[in-house]
Amino acid sequence: MAVPEELSRDQLITLAHRQAAEQISAMAAQVSDLVEANEELGAKLARLEHLMSRNSGNSSCPPSQGGGPGKTPPKQKKRRDPTTRTRGKQPGAPGTNLAWVDEPDERRARYPQGCCDCG
């Protein structure tokens, strides 16, 4: 191909038109590919949004699957600060338990003590 400085005005105009047409056709192909990809992504997004919005209240899913996509998770319960209060009875309080015995298989008859004469 000839150097642009050696071409006439008409040849330069023809060359510019040819290059512009090539660029326009390449860009049109890119645009059509992008439009097709955009439509596919739009359909995929609509499907995912539909799946995310489903729960046991508005679909045929059982309540056991109600915690799936689209349902907000339950709020976490606040845990008590472990330094504020200890668990169990107060220190120094007498304990009530069944003490260990030497013979655990020994049986004793225990009867309730009542206010009346029957025992």
Side-chain angles (χ1 to χ4, degrees):
M1 185 166 194
V3 180
E5 289 84 16
E6 298 175 0
L7 297 176
S8 68
R9 182 176 186 273
D10 292 336
Q11 291 173 334
L12 286 174
I13 291 173
T14 306
L15 180 65
H17 283 297
R18 190 177 326 129
Q19 288 177 346
E22 290 173 1
Q23 285 182 347
I24 289 173
S25 64
M27 287 183 194
Q30 284 180 343
V31 167
S32 66
D33 291 343
L34 291 175
V35 166
E36 183 179 327
N38 191 22
E39 289 173 356
E40 289 174 8
L41 290 175
K44 187 175 182 180
L45 177 65
R47 182 177 176 272
L48 289 175
E49 284 178 344
H50 172 70
L51 290 175
M52 291 295 291
S53 67
R54 293 177 60 194
N55 59 27
S56 62
N58 62 6
S59 69
S60 62
C61 294
S64 62
Q65 292 179 350
K71 185 174 182 182
T72 57
K75 292 183 179 180
Q76 296 213 354
K77 295 180 180 178
K78 276 189 163 181
R79 292 185 174 230
R80 225 182 331 174
D81 189 16
T83 59
T84 57
R85 200 164 90 174
T86 58
R87 296 180 67 176
K89 61 183 178 190
Q90 294 182 349
T96 56
N97 62 348
L98 188 59
W100 291 93
V101 294
D102 293 332
E103 295 181 34
D105 293 333
E106 178 185 342
R107 296 184 181 261
R108 294 186 195 167
R110 299 190 186 264
Y111 299 106
Q113 299 289 329
C115 300
C116 60
D117 293 335
C118 66

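The first residue in the sequence is number 1, and the count goes up from there. Note: hydrogens, waters and symmetry copies are ignored here, and every other heavy atom, side chains too, is used.
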[atom2] on [Y] to [atom1] on [X], rounded to 0.5 Å:
{"X": "H17", "Y": "E22", "atom1": "NE2", "atom2": "CD", "value": "13.5 Å"}
{"X": "I13", "Y": "L7", "atom1": "CD1", "atom2": "CG", "value": "11.5 Å"}
{"X": "Q19", "Y": "I24", "atom1": "CD", "atom2": "CD1", "value": "12.0 Å"}
{"X": "N38", "Y": "L45", "atom1": "CG", "atom2": "CG", "value": "10.0 Å"}
{"X": "L34", "Y": "M27", "atom1": "CG", "atom2": "CE", "value": "12.0 Å"}

Minimum side-chain heavy-atom gap Q11-R9 below 4.5 Å: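 Answer no - side chains too far apart.
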Quick one: does E40's side chain get under 4.5 Å of K44's, heavy atoms only?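 A side-chain contact is absent here, since even the closest heavy-atom pair is not under 4.5 Å.
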Under a 4.0 Å N-O cut-off, is there an ion pair linking E49 with R47?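 No salt bridge links E49 with R47.
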Using a 3.5 Å distance criterion without hydrogens, assess whether the side chain of Q23 forms a donor-acceptor pair with backbone atoms of A20.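 Pair absent, no side-chain N/O of Q23 close to backbone of A20.
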